[in-house]
Asks: 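Here it is: the structure, laid out below.
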Amino acid sequence: MATGMLHTHYLMVVLFTLIYLIKTILLLSDRDELLEKFKKKTKIAEMVVSFGFLATGIFLMTQLPAINMYHIIKISLVFLSIPLAVVGFKNKNKVLASFSFFLIVASFSLAYKAKEAKAGKKSMAMTGKELFEEKCSLCHGNDGKLGLSGAKDLSLTALNHEGIVGIITNGKNAMTSYKSTLSVEQIEAVSSYIETDLKGK
Ligand code: HEC
């Protein structure tokens with residue numbers, strides 16, 4: 001449902017921007033007659049697209065788990081650009097119209113940034129549990145008790161935090177070193193996971 005909505009939103013955004021871009025170009029190049037014709041021809045399409053663009057955007061907003069700074073700036077830019085565009089095109093004010101177009105484009109790059117920030121958070125969140133299950137459960141098992149190829153039962157480990165970090169970082173016997181495959185933060189995360197969720201369980 002949400003992905004279908006997202007695709008509809010993207011489509012609306014593209015159409016909206018395209019209409020907007022053509023209008024801005026016509027205004028900037030003093031093709032007033034053509035601009036009027038284009039405006040008339042696309043009037044209904046523009047209404048539908050603008051409505052679809054805002055409606056899908058608002059719906060998607062309500063689906064967000066958390067609204068971050070990028071979302072707020074993005075929405076503010078979109079809402080700021082609309083009156084600017086209306087006034088700009090009405091008065092044939094090139095500066096206002098171009099500025100409004102610029103705001104729309106800027107809001108897209110923010111949308112992209114917001115997505116990136118989300119993706120970054122997700123990979124940071126791939127900490128502890130997920131890392132353990134991906135890299136370590138092969139020998140230790142999801143519960144730490146598997147003991148394959150001589151792996152120690154992690155629920156029984158007597159090691160403290162430094163000891164666990166040390167073994168993961170440097171390896172021991174059949175267990176390889178994770179120095180080059182995991183970052184210091186990831187080793188910290190997976191160690192904390194062992195201590196809080198596996199040790200003594
Ligand atoms: C190839 C199998 C294998 C994989 C994969 C593996 N280990 Fe181990 N692990 C071992 C073996 C074998 C030992 C026992 C080493 C020894 O003391 O001889 C061990 C020991 C440990 C210990 C020390 C336990 C103790 O009480 O002495 C910790 C902590 C540990 N592993 C964590 C991890 C973590 C975290 C990962 C994933 C990042 C991981 N291991 C991946 C095989 C593995």
Side-chain angles (χ1 to χ4, degrees), residues 1-14 17 53-78 103-201:
M1 167 79 168
T3 38
M5 198 56 101
L6 191 63
H7 290 146
T8 315
H9 183 63
Y10 286 156
L11 180 69
M12 292 295 167
V13 168
V14 169
T17 315
F53 167 37
L54 290 178
T56 51
I58 289 166
F59 172 81
L60 288 169
M61 289 279 301
T62 64
Q63 304 296 102
L64 286 173
I67 294 184
N68 62 31
M69 179 190 73
Y70 292 120
H71 295 122
I72 296 173
I73 303 177
K74 177 177 89 172
I75 294 148
S76 314
L77 288 184
V78 171
L103 287 185
I104 283 282
V105 174
S107 76
F108 298 157
S109 57
L110 278 171
Y112 182 71
K113 272 249 179 322
K115 233 186 172 163
E116 261 192 340
K118 202 168 128 205
K121 234 188 217 153
K122 197 162 173 218
S123 72
M124 280 297 284
M126 190 184 153
T127 44
K129 187 173 159 63
E130 283 170 293
L131 276 173
F132 186 86
E133 285 171 5
E134 189 182 304
K135 310 264 183 213
C136 324
S137 61
L138 188 69
C139 299
H140 290 283
N142 279 349
D143 58 3
K145 299 179 186 174
L146 186 65
L148 220 69
S149 62
K152 289 258 172 73
D153 182 341
L154 297 180
S155 68
L156 300 177
T157 186
L159 293 171
N160 62 9
H161 188 73
E162 282 67 42
I164 295 175
V165 169
I167 297 232
I168 302 169
T169 309
N170 303 313
K172 192 172 175 192
N173 298 327
M175 180 170 152
T176 49
S177 151
Y178 283 86
K179 216 179 342 213
S180 53
T181 41
L182 297 178
S183 68
V184 174
E185 292 79 21
Q186 286 174 317
I187 292 177
E188 276 295 324
V190 84
S191 303
S192 302
Y193 175 69
I194 293 173
E195 285 178 289
T196 54
D197 289 87
L198 304 178
K199 190 172 167 180
K201 299 273 155 94

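Order of appearance sets the numbers: ligands from 1, and atoms from 1 within every ligand. FYI, side chains are in, hydrogens and waters are out, and symmetry mates aren't considered; it's all heavy atoms of this structure.
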Asks: I need the atoms of ligand 1 closer than 4.0 Å to a non-hydrogen atom of Ala151, numbered in the order shown.
Replies: 10 (C), 11 (C), 12 (C), 13 (C), 42 (C)

Asks: How close do His9 and Thr56 get, counting heavy atoms only, and between which atoms?
Replies: ND1-OG1, 2.8 Å

Asks: Measure from the side-chain N and O atoms of Ser177 to the backbone N and O of Thr169, and report whether any donor-acceptor pair falls under 3.5 Å.
Replies: yes

Asks: How close do Lys145 and Asp153 get, counting heavy atoms only, and between which atoms?
Replies: CG-OD1, 3.4 Å

Asks: Distance under 4.0 Å to a non-hydrogen atom of Asn173: what atoms of ligand 1 satisfy this?
Replies: 16 (C), 18 (O)

Asks: What residue and atom, counting heavy atoms only, is the protein's closest point to atom 27 (O) of ligand 1, and at what distance?
Replies: Leu159 CD1, 3.6 Å

Asks: So how far is it from His140 NE2 to Lys135 NZ, rounded to the nearest 0.5 Å?
Replies: 14.0 Å

Asks: What protein heavy atom is closest to atom 36 (C) of ligand 1, reported as residue, atom name and distance in Å?
Replies: Cys136 SG, 2.7 Å

Asks: With a cut-off of 4.0 Å, which atoms of ligand 1 are near a heavy atom of Cys139?
Replies: 1 (C), 2 (C), 3 (C), 4 (C), 5 (C), 42 (C), 43 (C)

Asks: Could you establish whether Leu138 and ligand 1 come within less than 4.0 Å of each other, counting only heavy atoms on the residue side?
Replies: no

Asks: Got a donor-acceptor contact below 3.5 angstrom from the His161 side chain to the Ser192 backbone?
Replies: no

Asks: Which one of Lys199, Gln186, Met175 has a non-hydrogen atom at the shortest distance from atom 30 (C) of ligand 1?
Replies: Met175

Asks: Does Gly144 offer a backbone N or O that forms a donor-acceptor pair with the side chain of Lys152 under 3.5 Å?
Replies: no

Asks: Report the distance from atom CD1 of Ile194 to atom CG of Leu154, rounding to the nearest 0.5 Å.
Replies: 5.0 Å

Asks: Classify the contact between Thr176 and ligand 1 as side chain, backbone, both or neither, using a heavy-atom distance cut-off of under 4.0 Å.
Replies: neither

Asks: Can you tell which part of Leu131 has a heavy atom less than 4.0 Å from ligand 1: side chain, backbone, both or neither?
Replies: neither

Asks: In His140, which N, O or S atom comes closest to atom 8 (Fe) of ligand 1?
Replies: NE2

Asks: Name the closest protein heavy atom to atom 41 (C) of ligand 1, giving the residue it belongs to and the distance to 0.1 Å.
Replies: Tyr178 OH, 3.3 Å

Asks: Among all the protein's non-hydrogen atoms, which is closest to atom 17 (O) of ligand 1, and how far away is it?
Replies: Lys152 NZ, 3.1 Å

Asks: What are the atoms of ligand 1, with element, lying closer than 4.0 Å to any heavy atom of Ile164?
Replies: 29 (C)

Asks: Report, in ascending order of atom number, the atoms of ligand 1 lying under 4.0 Å from any heavy atom of Ala174.
Replies: 1 (C), 12 (C)

Asks: Nearest protein heavy atom to atom 26 (O) of ligand 1, by residue and atom, and its distance?
Replies: Thr157 OG1, 2.5 Å

Asks: Which ligand 1 atoms, with their elements, are less than 4.0 angstrom from a heavy-atom of Leu154?
Replies: 22 (C), 24 (C), 28 (C), 29 (C), 30 (C)

Asks: Begin from the C-alpha positions of Thr17 and Phe108 and carry the test side-chain contact (heavy atoms from CB on, under 4.5 Å) through to its verdict.
Replies: CA-CA 10 Å; Thr17 315; Phe108 298 157; 3.2 Å; yes

